[in-house]
Amino acid sequence: MSWSFHDPDEQALSRRFLAAGYVVLPVEDLGALERIRALLVERTCAWLDCAPPAEPQGFLDHIHQRVEPADLNALRVALIGALNAASWARPAYYALARRALTVLVGNELAMQRRLNLSIQLPGDAGSLLPLHADVWAGDSPFELVLWVPLVDCRATKSMFLLPPAANARLGAALHSFAGRTVEDVYRSVEPDLEWLEVRYGQVLVFNQTLAHGNRVNQEPETRWSLNARFKGVFTPYADKKLGEFFEPITLRAASRIGLDYRLPGGFDE
Ligand SMILES: O=C(O)CCC(=O)C(=O)O
Ligand SMILES: [Fe+2]
């Protein structure tokens, strides 16, 4: 008999994640995903004043036939508001990848307080996220991103990620791009980028310290995806603070005791 601190399946998942910088997994709670999608479809219909679609995925894939690029941000803001106003939405989102997050991040988690929604119409350059790592702009390197598509995503309908080895080379060379553009950086790493294929019913967890982003969607369908960040609640914070940007979601009894504990005082010496 030999003992290990790690369950072999969990160890395999961690190794895969560390090697690739991401994992794509089946959603752990399909009902939760369907409920989130149904809320967004229903609110989109209310915003467009149209009848509920017979088939949600085709409706979302082809929303560019009903929404002009100029109106997209207003729709997106309305949908984010509606989603975050539903008290069940964040627990449901967490349920999509509870086990994977426990293995990859921990069992005492802080979760981003607002779910983000991204909608990328074909050919629209209006809402792009050029190459970046979240950690370059105020995120902690202890955070992972849970990214959940509401439609099947591939190629430029999806997002790109720079694998760890190429990302390390970029990190060593990044200073030499001072005074040049993000587009220059993008071109230098373009051959190494991986475009992540993630279908409806799957989740993506990725390492946001690796360079990533998106380009103009050249597919004939609209991309819809949600994202939110998770970290160990006691791991270091950067600009995005606990209570403002993050909220503890799974504190355990021992931590509650520890956080509340005060040594008996009132002694004179
Ligand atoms: O959805 C995308 O294309 C990029 C998402 C991203 O940058 C993030 O979630 O940190
Ligand atoms: Fe990002």
Side-chain angles (χ1 to χ4, degrees), residues 17 20-25 36-37 40 60-61 63-64 69 72-73 75-77 79-80 83-84 90 93-94 96-97 100-101 104-105 110-164 167 170-171 174 182-183 185-186 189-190 193-200 202-219 221-231 238-240 245-246:
F17 184 82
Y22 74 93
V23 283
V24 174
L25 299 166
I36 290 169
R37 185 178 66 172
L40 293 170
L60 296 176
D61 266 333
I63 207 70
H64 52 279
L72 183 62
N73 202 47
L75 171 62
R76 202 180 69 86
V77 168
L79 293 175
I80 289 176
L83 185 62
N84 285 293
R90 288 170 65 258
Y93 194 79
Y94 170 59
L96 302 176
L101 290 168
L104 298 173
V105 188
M111 178 180 183
Q112 189 173 334
R113 290 176 66 187
R114 283 182 75 75
L115 301 173
N116 280 326
L117 171 67
S118 165
I119 309 173
Q120 321 258 188
L121 307 177
D124 179 20
S127 49
L128 299 182
L129 269 173
L131 181 141
H132 69 282
D134 297 16
V135 72
W136 296 345
D139 284 82
S140 155
F142 292 82
E143 299 166 28
L144 301 185
V145 178
L146 174 61
W147 189 98
V148 178
L150 301 168
V151 290
D152 295 343
C153 292
R154 57 174 296 280
T156 53
K157 186 184 174 188
S158 185
M159 57 170 276
F160 64 77
L161 185 74
L162 188 62
N167 191 75
L170 174 63
L174 203 56
V182 177
E183 188 63 18
V185 179
Y186 176 81
V189 297
E190 195 173 4
L193 295 176
E194 204 172 330
W195 287 93
L196 305 178
E197 180 164 354
V198 195
R199 293 190 302 276
Y200 180 73
Q202 295 181 316
V203 300
L204 163 69
V205 185
F206 73 89
N207 171 355
Q208 51 78 23
T209 73
L210 302 173
H212 61 277
N214 55 51
R215 304 288 286 177
V216 172
N217 177 3
Q218 309 285 1
E219 300 296 304
E221 295 162 347
T222 297
R223 184 247 278 215
W224 293 69
S225 61
L226 296 164
N227 68 74
R229 281 143 199 78
F230 292 84
K231 69 198 292 294
D239 292 349
K240 297 180 173 171
F245 188 87
F246 285 103

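Note that ligands are numbered from 1 as they come in the structure, with each ligand's atoms numbered from 1 the same way.
Close contacts between ligand 1 and Phe206 involve ligand atoms 8 (C), 9 (O), 10 (O) [criterion: under 4.0 Å to a heavy atom]. Counting atoms of ligand 1 from 1 in the listed order, those under 4.0 Å from a heavy atom of Met159 are 2 (C), 3 (O). Near Val145, meaning under 4.0 Å from one of its heavy atoms, ligand 1 places the atoms 9 (O). Close approach of ligand 1 to His132 (heavy-atom distance below 4.0 Å) involves ligand atoms 7 (O). Close approach to Asn227 involves these atoms of ligand 1, each under 4.0 Å from a residue heavy atom: 9 (O).
Heavy atoms of Phe160 come nearer than 4.0 angstrom to ligand 1 in no pair at all.
At a 3.5 angstrom cut-off on N or O pairs, Asp134 counts as close to ligand 1.
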Going through the checks in order, is the side chain to side chain contact (heavy atoms under 4.5 Å, CB included) test met by Thr156 and Glu219? CA-CA 7 Å; Thr156 53; Glu219 300 296 304; 4.2 Å; yes
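Because its NZ or CZ atom is not both nearer than 6.0 Å to the ring centre of Phe245 and within 45° of the ring axis, Arg229 does not count as a cation-pi partner of that residue.
At least one donor-acceptor pair closer than 3.5 Å links the side chain of Asp152 to the backbone N or O of Tyr200. Not a single donor-acceptor pair under 3.5 Å links the side chain of Arg37 to the backbone N or O of Val151. Of the possible donor and acceptor atoms, one in the side chain of Gln112 sits under 3.5 Å from a partner among the backbone N and O of Arg114.
For the residue pair His212 and Asn207, no side-chain donor N or O sits within less than 3.5 Å of a side-chain acceptor on the partner.
Leu162 and Asn167 get closest at one heavy-atom pair: CD2-CA, 3.5 Å.
Ion pairing between Asp139 and Lys231 fails under the 4.0 Å rule for side-chain N and carboxylate O. Salt bridge status for Glu221 with Arg154: absent, with no side-chain N to carboxylate O gap under 4.0 Å.
Taking all heavy atoms of Arg223, His212, Gln120, Arg229 into account, the minimum distance to atom 3 (O) of ligand 1 is reached by Arg223. With distances taken over non-hydrogen atoms, the option nearest atom 4 (C) of ligand 1 out of Leu226, Asn217, Leu129, Leu196 is Leu129.
Taking the six-membered ring where tryptophan is involved, the planes of Phe230 and Tyr93 are essentially parallel, since the angle between them stays under 30° and well short of 60°.
Of all protein N/O/S atoms, those lying under 2.8 Å from the Fe ion (ligand 2) come to 3.
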